[in-house]
Amino acid sequence: MTDEKRIERLSAMLKRRGIILPAFEIYGGVSGLIDYGPVGASIRRRVIQNWIEHWTINGDIVEIDSPTITPENVLIASGHVGEFNDLMSQCEKCSSAFRADQLVEGHHPNPDILNSKEIDEILNSNKIKCPNCSQSQWAPSKPMNLMFGTKIGAMKSSRQAYMRPETAQGMFMLYPSLYRHFRQKLPFGAIQTGKGYRNEISPRQGMIRLREFNMAELEYFIDPENPPEVDLSASKEKISMIPDPNGNQRKEIKITFQDAIKNNVIKDTTVGYFLSKTWDFLIGVGIDASKIRFRQHEGNEMAHYAEDCWDCEILGEHGWIECVGIANRTCHDLQSHEKYSNSNSLRAWREFDEVKVENKEILSPRTSVLGPQFRDKAGSVISALESLENIPENLPFTLQLDDGSNVEITSEMVDRKTINNSVAGEWFTPHVIEPAFGIDRIIWHILDHAFEEIEKEGEKYNLLKLKESISPADLIVLPLFEKDGMGMAARKLNTQINQMQGVKCLIDSSKSIGRRYARADEIGVPWAITVDHQTLEDETVTVRRRDDQKQIRIDIGQLLDLINTNLVSTLF
RNA sequence: GCGCCUGUAGUGAAGGGGUUAUCACCUGAGGUUUCCAACCUCAUGUCCCGGGUUCAAAUCCCGGCGGGCGCACCA
């Protein structure tokens, strides 16, 4: 933040090199929408690939993929429609905006059901004051819907739908399938990467607040009574945390994950585990460790579903930016979907340690007597007998039916029996811990932290010190000159390297060698292979390390082996 | 959404009611060159969009779109 022009130079470089660009620019652009260019798209793909591998490595988490178009019911159940359809009223004096239903609270028994006209009437007739400036002059209230609406189907029968505001609902929709896939045993998780959509009022700060953005979310389902054991003893690093949002002395502390859990700084061990996994991921893709902190949410900024929530914030040119949210969503989503969908398959079975055997006394109905006696009422009499909690000592007795009417039960109608009832377990709704990653924000900070401006022989020189695993290409082949067969040898080598699975190699033969090194450095290619005169004689090339420009000569065959085994770095 | 500032080649800038809009870097072709943005020749490419004022608008005015900052909003 000390150098205000750095962000402009970085943005210009990202555009010039085809990394991040404004979308639809020839039509004037659309704010909140960006393109990943030919270089940026490779970086994005690799970051996402790293993220997927980071979570799926243990086998308890699988990847799924679900539609971005989401029917309205789903988002009603999840709470998004309600949350996003609030009416907003703006004070014409001081421009403060407030949720209209909260302003008229106390002037109407149920403000939720009011439309904008009714809200405006109440605001004006009661002269409700602006909480900020105490004036009473309101602009007409407007619904604030941060979801992009659409219709499924064309004609009358079309259904209201929205572009998903998060990928999480896809995982909840697939819970029954996941439960089967994991042999009906918790814990397990599902991840999804893809686009999310929020029609932001004012997108700002480049790629920080977008209207269409890359999300990567994990839903990890656990039994709250038997949370998974976690071992964080291997993680010795002291992490910046800002806990205790409601305490008086809110400040940043440095503490290991293990101690944070032990000392109740992080209350939920599973949340703590995911905080540490999040840390590992961010370090792995090249985020600067000193620019990461975890901040616990305050009560009033907590999402409508979350019980406890931590943000992972990263420091960059825009200040501290929330890049990951880790929330304990408890059973909110699954329970709500059960209720709205009438499904009963969003649960898990918890076996008791010991089978509970109950000896229970019941009155078993003699249907041959009850039938003729009560006729069409017989059914409800039988169900009332079955649900009877306290078996009366003496017969006859008066039994109340569901409809409130009473019947008399005599000893001829029932048999007094004792039955063995064994209960092996119970159904419950799993809790879910959700780490949600804003991929674009993370990529921004990767670029920000990797972007280095140095001086080289009196000239400005840019470097993108990307980690090997997320650089847009693994290597670049450069013929020293495009003659004497050097160009040919370079093209052959480039082809050989690109034939390897998962390896991406570029080739560049235009302009001077120094300029080509500079271009490769600026987009973050870690290794440059130079084909020179000696190559033609002895089949050796030089390998140049981006970060310090050191060069080593090596036999082509050996180099190909090193590339194939991802061990080029061991050369130096 | 409000307020202030703002929009000129790919990037960064200069200029500005009147011939063909300027510069650097970049990019491309050729030359030269035995490893770090060298040099020479040539070339491509620009006034955000729409309306208005005017004989004439890239320039002035209005609106839109985009960008920056502040306020507001923001899972």
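What's counted below: heavy atoms across the whole structure, side chains too, no hydrogens, waters or symmetry copies.
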_Once side-chain hydrogen bond (donor to acceptor under 3.5 Å, both in side chains) is applied, do any residues pair with A/T542, and if so which ones, sequence neighbours excluded?_
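For A/T542, the residues satisfying side-chain hydrogen bond (donor to acceptor under 3.5 Å, both in side chains) (neighbours in sequence not counted) are A/Q551.
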_The criterion is side-chain hydrogen bond (donor to acceptor under 3.5 Å, both in side chains); which residues satisfy it with A/D65, sequence neighbours excluded?_
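For A/D65, no residue satisfies side-chain hydrogen bond (donor to acceptor under 3.5 Å, both in side chains) once neighbours in sequence are set aside.
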To the nearest angstrom, how far is [X] atom [atom1] from [N] atom [atom2]?
{"X": "A/D508", "N": "B/C36", "atom1": "CG", "atom2": "P", "result": "16 Å"}
{"X": "A/Q205", "N": "B/G67", "atom1": "CD", "atom2": "C1'", "result": "13 Å"}
{"X": "A/K460", "N": "B/A37", "atom1": "NZ", "atom2": "P", "result": "17 Å"}
{"X": "A/E317", "N": "B/G67", "atom1": "CD", "atom2": "P", "result": "19 Å"}
{"X": "A/I513", "N": "B/U33", "atom1": "CD1", "atom2": "P", "result": "17 Å"}
{"X": "A/M207", "N": "B/G67", "atom1": "CE", "atom2": "P", "result": "14 Å"}
{"X": "A/Y461", "N": "B/A37", "atom1": "OH", "atom2": "C1'", "result": "7 Å"}
{"X": "A/K483", "N": "B/G31", "atom1": "NZ", "atom2": "P", "result": "10 Å"}

Expected list for residues 37-44 of chain A: side-chain donor-acceptor pairs under 3.5 angstrom, two or more places apart:
from: A/S42; atom 1: OG; to: A/K504; atom 2: NZ; distance (Å): 2.7
from: A/R44; atom 1: NH1; to: A/N214; atom 2: OD1; distance (Å): 2.6

*Would you check, one step at a time, whether the test side chain to side chain contact (heavy atoms under 4.5 Å, CB included) holds for A/I69 with A/Y162?*
CA-CA 6 Å; A/I69 297 172; A/Y162 301 93; over 6 Å; no
For [N] versus [M], give the span between their [atom1] atoms, rounded off to a whole number of Å.
{"N": "B/G45", "M": "B/U20", "atom1": "C1'", "answer": "16 Å"}
{"N": "B/A13", "M": "B/G7", "atom1": "P", "answer": "11 Å"}
{"N": "B/C61", "M": "B/G68", "atom1": "C1'", "answer": "24 Å"}
{"N": "B/G52", "M": "B/A56", "atom1": "P", "answer": "12 Å"}
{"N": "B/C48", "M": "B/C40", "atom1": "P", "answer": "32 Å"}
{"N": "B/G51", "M": "B/A58", "atom1": "P", "answer": "12 Å"}
{"N": "B/G3", "M": "B/C73", "atom1": "C1'", "answer": "16 Å"}
{"N": "B/U34", "M": "B/G15", "atom1": "C1'", "answer": "45 Å"}

*Test for a donor-acceptor pair under 3.5 Å between the base of B/C74 and the side chain of A/S202, counting only N and O atoms.*
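Absent.
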*Quick one: the side chain of A/H80 and the base of B/A75, do they pair up donor-acceptor inside 3.5 Å?*
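Yes.
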*Go through B/U27, B/C71, B/C36 for me and flag the one nearest to the A/R204 side chain.*
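Closest of the options to the side chain of A/R204: B/C71.
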*Of all the choices, B/C73, B/A75, B/U33, which nucleotide is nearest to the side chain of A/R209 once you look at every atom?*
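When the side chain of A/R209 is considered, B/C73 is the closest of B/C73, B/A75, B/U33.
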Could you check whether [X] gets within reach of a base, just the sugar-phosphate, or nothing at all, counting any heavy atom under 4.0 Å?
{"X": "A/R544", "value": "base"}
{"X": "A/T542", "value": "base"}
{"X": "A/G18", "value": "nothing"}

*Answer yes or no: is there an ion pair linking A/E317 with A/R6, defined by an N-O contact shorter than 4.0 Å?*
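Salt bridge flag = yes for A/R6 with A/E317.
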*asked:* If the threshold is 4.0 Å, N to carboxylate O, is there a salt bridge linking A/E313 and A/R293?
replied: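 Yes.
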_Both atom distances under 3.5 Å, Watson-Crick or G-U wobble: I'd like the secondary structure of RNA chain B as a dot-bracket string, with | for pairs made across strands._
(((((((..((((....[...)))).(((((.......)))))....(((((..]....))))))))))))....
_Check: A/R545 side chain, A/P526 main-chain N or O, donor-acceptor pair, under 3.5 Å_ =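 No: the side chain of A/R545 does not pair with the backbone of A/P526.
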*Using the benzene-type ring in the case of Trp, are the ring centres of A/F213 and A/Y197 under 6.0 Å apart?*
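No - the distance between ring centres of A/F213 and A/Y197 does not fall below the 6.0 Å cut-off.
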_Pair A/Y220 + A/W55: ring centers closer than 6.0 Å_ =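 They do not qualify: ring centres at least 6.0 Å apart.
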*Partners of A/Y340 by ring-ring contact (aromatic ring centres under 6.0 Å, His included), sequence neighbours excluded?*
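With neighbours one apart ignored, the set is empty.
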*Closer to the 5' end of RNA chain B via nearest nucleotide, is it A/E482 or A/E457?*
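Nearest nucleotide further toward 5': that of A/E482.
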*Hey, which sits more toward the 5' end of RNA chain B by its nearest nucleotide, A/L33 or A/M215?*
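Its nearest nucleotide being more 5', the pick is A/L33.
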*For RNA chain B, the residues among residues 516-533 of chain A that have a non-hydrogen atom under 4.0 Å from it*: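 The stretch gives A/Y517, A/A518, A/R519, A/T530, A/D532, A/H533 as the residues lying under 4.0 Å from the strand, ordered by number.
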*asked:* Looking at A/Y517, I'd like to know if the NZ or CZ of A/R544 sits under 6.0 Å from its six-membered ring centre while staying within 45 degrees of the ring's axis.
replied: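 Yes - A/R544 lies over the ring of A/Y517, closer than 6.0 Å to its centre and within 45° of its axis.
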*Regarding A/R295 and the six-membered ring of A/W310, is the cationic atom NZ or CZ under 6.0 Å from the ring centre and inside 45° of its axis?*
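Verdict for A/W310: no cation-pi partner in A/R295.
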Give each protein N/O atom lying under 3.5 Å from an N/O atom of nucleotides 4-15 of chain B, with the pair distance.
from: B/U11; atom 1: OP1; to: A/K15; atom 2: NZ; distance (Å): 2.6

Side-chain donor-acceptor distances from residues 476-490 of chain A under 3.5 Å, at least two apart:
from: A/E482; atom 1: OE1; to: A/S509; atom 2: OG; distance (Å): 2.8
from: A/E482; atom 1: OE2; to: A/R491; atom 2: NH1; distance (Å): 3.1

*With sequence neighbours left out, write down each residue that passes side chain to side chain contact (heavy atoms under 4.5 Å, CB included) with A/K465, or none if nothing qualifies.*
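A/E452, A/L463, A/R546, A/D547.
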_Under the side chain to side chain contact (heavy atoms under 4.5 Å, CB included) test, residues paired with A/M13 that sit two or more places apart_ =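 Per chain and number, A/M13 pairs via side chain to side chain contact (heavy atoms under 4.5 Å, CB included) with A/L10, A/R16, A/R17, A/I19, A/F451, A/N462, A/L464, A/E522.
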*asked:* Going by salt bridge (charged side-chain N to carboxylate O under 4.0 Å, His left out), name the pairs with one or both residues in residues 19-31 of chain A, residues two or more places apart or in two chains.
replied: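 Found A/K15-A/E25.
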Restricting both atoms to N or O, compile the protein contacts to nucleotides 38-46 of chain B shorter than 3.5 Å, with distance only.
from: B/A38; atom 1: OP1; to: A/R515; atom 2: NH2; distance (Å): 2.5
from: B/A38; atom 1: OP2; to: A/S512; atom 2: OG; distance (Å): 2.9

